> 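Dumping the structure here so I can ask a few things about it.
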Amino acid sequence: MAYELYYWPMLQGRGEFVRLTLEEAGAAYVDVAREPETDGLGLPALMRILEDLDEPRPAFAPPFLRDGDRVVGQTAAILLYLGPRLDLVGATEDERIWTHQIQLTIADTVAEAHDTHHPVAVGLAYEDQKAEAARRAAHFRADRIPEFLAWFEHVLSRNGGTHLVGERLSYADLSLFQLVDGLRYAFPKAMAAQLPDHPRVAALHAAVARRPRIAAYLASPRRIPFNEQGIFRRYAELDG
């Protein structure tokens, strides 16, 4: 039975971290909200689950994944669930918990990147908080991007330089690829200046992009381009 991924159909967002894992594994999945409504799918199918008051373990928001009768929400929890099933995490409990910890740190970085353009409230338009966004983005560029990159570089260095955990690809490597890709889109000047100082992170990003299934996915229409509706948004004034 194919996995069912539920996420907003018009953007990469947090759902992209799950898509990359499913694509790398060659797993059968349905991106439900992107499918035709005439087939009982599409955005209405996503909203039916979100609004189902009888769902015993409701997701707060997309992404969430359905596997048979089980529904798992939150990106990091979905990847924690999928990792062993798709052979994209180590076999030991120590490796799985460490991979999950790295994923949560990636999620922290993603949240801070999002807050550069929405520092006051998600419900307000970017145009209503531009002054606050400029201050937040300046701090993110100068302090937080280098701190996060340095930590990922250190983790890679301690693990031999190629992968974040163990001796082979894990879902955390795929997620770090997506994080770097998003930051390069949103902050091209800042990342052009800072990424060369973190060669292992840059090398991992390039290596993931070359993986056959990932390369095919990135070249396909399933990979929606970054845009100004998602987490990573390019506003020139926020890139210094």
Side-chain angles (χ1 to χ4, degrees), residues 2-5 7 11-31 34 63 65 67 75-92 95-96 98-107 109-110 113 148-149 151-186 188 191-192 194-196 198-227 230-232:
Y3 293 107
E4 295 177 1
L5 173 63
Y7 196 67
L11 48 88
Q12 292 183 24
R14 291 174 174 84
E16 196 70 6
F17 296 92
V18 182
R19 289 189 194 100
L20 287 168
T21 296
L22 293 165
E23 291 284 345
E24 168 61 27
Y29 76 99
V30 179
D31 208 334
R34 294 185 182 178
L65 183 90
D67 181 17
T75 303
I78 296 169
L79 296 175
L80 180 67
Y81 177 78
L82 286 176
R85 289 164 173 80
L86 300 181
D87 197 27
L88 282 170
V89 72
T92 69
E95 287 178 309
R96 293 182 182 186
W98 176 224
T99 307
H100 184 54
Q101 179 181 327
I102 294 170
Q103 185 66 42
L104 291 172
T105 305
I106 291 171
T109 321
V110 170
F148 281 120
L149 290 180
W151 187 80
F152 293 122
E153 184 78 9
H154 174 68
V155 172
L156 285 165
S157 177
R158 289 288 299 271
N159 192 52
T162 304
H163 299 297
L164 289 164
V165 183
E167 297 180 352
R168 61 186 180 89
L169 188 84
S170 73
Y171 65 77
D173 296 320
L174 298 168
S175 291
L176 184 56
F177 161 83
Q178 176 64 10
L179 173 63
V180 171
D181 225 40
L183 291 175
R184 290 176 67 195
Y185 172 79
M191 288 296 284
Q194 296 183 33
L195 193 57
H198 304 90
R200 294 175 182 84
V201 174
L204 184 147
H205 175 268
V208 169
R210 291 193 300 267
R211 294 184 68 83
R213 285 174 176 163
I214 296 298
Y217 169 65
L218 296 177
S220 78
R222 298 191 305 281
R223 173 74 165 186
I224 292 178
F226 289 106
N227 58 55
I231 296 167
F232 302 105

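Computed from a prediction, not measured in an experiment: that's the story for all the values here.
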> Just checking, R85 and Y81: is the charged tip under 6.0 Å from the six-membered ring centre and within 45° of the axis?
yes
> Do L183 and F148 pass the side chain to side chain contact (heavy atoms under 4.5 Å, CB included) test, and can you show the C-alpha distance, the side-chain angles, and the key distance before you say yes or no?
CA-CA 12 Å; L183 291 175; F148 281 120; over 6 Å; no
> Backbone N or O of A25 within a donor-acceptor pair of the R213 side chain at under 3.5 Å?
yes
> Taking all heavy atoms of G15 and all of L5, pick out the closest pair and write down the distance.
O-CD2, 4.2 Å
> Any donor and acceptor pair, going by atom type alone, linking the side chain of R168 with main-chain N or O of V89 inside 3.5 Å?
yes
> Closest approach of A113 and F232, non-hydrogen atoms and distance?
CB-CE2, 3.9 Å
> CG of L79 to OG1 of T21: how many Å apart, nearest 0.5 Å?
4.5 Å
> Quick one: are L20 and I214 in side-chain contact, heavy atoms under 4.5 Å?
yes
> For a 4.5 angstrom cut-off between non-hydrogen side-chain atoms, does F226 reach L11?
no
> State whether the side chain of E95 and the backbone N or O of A91 hold a donor-acceptor pair below 3.5 Å, judged by distance alone.
yes
> Using a 4.5 Å cut-off on heavy atoms from C-beta on, say whether the side chain of L179 contacts that of H205.
no
> Given side chains that start at C-beta, do those of H163 and N159 come closer than 4.5 Å, heavy atoms only?
yes
> Quick check for you: to the nearest 0.5 Å, what is the distance between S170 atom OG and L86 atom CG?
12.5 Å
> Given 3.5 Å as the limit, does a donor-acceptor pair link the side chain of R223 with the main chain of L218, or not?
no
> Strictly distance-based, threshold 3.5 Å: is any side-chain N or O of R96 a donor or acceptor partner for the main-chain N or O of G90?
yes
> Step by step, would you call R19 with D31 a salt bridge (Lys or Arg N to Asp or Glu O under 4.0 Å)?
CA-CA 9 Å; R19 289 189 194 100; D31 208 334; 2.7 Å; yes
> When the ring centroid of Y3 is compared with that of Y29, is the distance short of 6.0 Å?
no
> Kindly compute the distance separating CD1 (I231) from CD (E16), expressed to the nearest 0.5 Å.
10.0 Å
> Regarding E23 and R222, does a basic nitrogen lie under 4.0 Å from an acidic carboxylate oxygen?
yes
> Kindly determine whether E153 and R200 satisfy salt bridge (Lys or Arg N to Asp or Glu O under 4.0 Å), including the steps that lead there.
CA-CA 6 Å; E153 184 78 9; R200 294 175 182 84; 3.1 Å; yes
> For a 4.5 angstrom cut-off between non-hydrogen side-chain atoms, does V18 reach T75?
yes
> Taking the side chain from H198 and the backbone from Q194, do they hold a donor-acceptor pair closer than 3.5 Å?
yes
> Are any non-hydrogen side-chain atoms of L204 and F152 less than 4.5 angstrom apart?
no
> Going through the checks in order, is the side chain to side chain contact (heavy atoms under 4.5 Å, CB included) test met by I106 and F17?
CA-CA 10 Å; I106 291 171; F17 296 92; 4.1 Å; yes
> What do the steps show when you test W151 against V155 for side chain to side chain contact (heavy atoms under 4.5 Å, CB included), and what is the final call?
CA-CA 6 Å; W151 187 80; V155 172; 3.8 Å; yes
> Shortest non-hydrogen contact from Y7 to G13?
OH-CA, 3.4 Å
> Measure from the side-chain N and O atoms of T105 to the backbone N and O of Q101, and report whether any donor-acceptor pair falls under 3.5 Å.
yes
> Does the S157 side chain pair with the main chain of H154, one donor and one acceptor, at a distance under 3.5 Å?
no
> Roughly how far, to the nearest 0.5 Å, is CG of D67 from CG of L82?
8.0 Å
> If we only count heavy atoms from C-beta on, is the L169 to E24 side-chain gap below 4.5 Å?
yes
> Test Y171 against H100 for side chain to side chain contact (heavy atoms under 4.5 Å, CB included), laying out the working first.
CA-CA 9 Å; Y171 65 77; H100 184 54; 4.0 Å; yes
> Is the shortest heavy-atom distance from the side chain of P63 to the side chain of I78 under 4.5 Å?
yes
> Given the rule in the salt bridge (Lys or Arg N to Asp or Glu O under 4.0 Å) test, do R211 and D173 qualify, once you have shown the distances and angles that lead to the verdict?
CA-CA 12 Å; R211 294 184 68 83; D173 296 320; over 6 Å; no
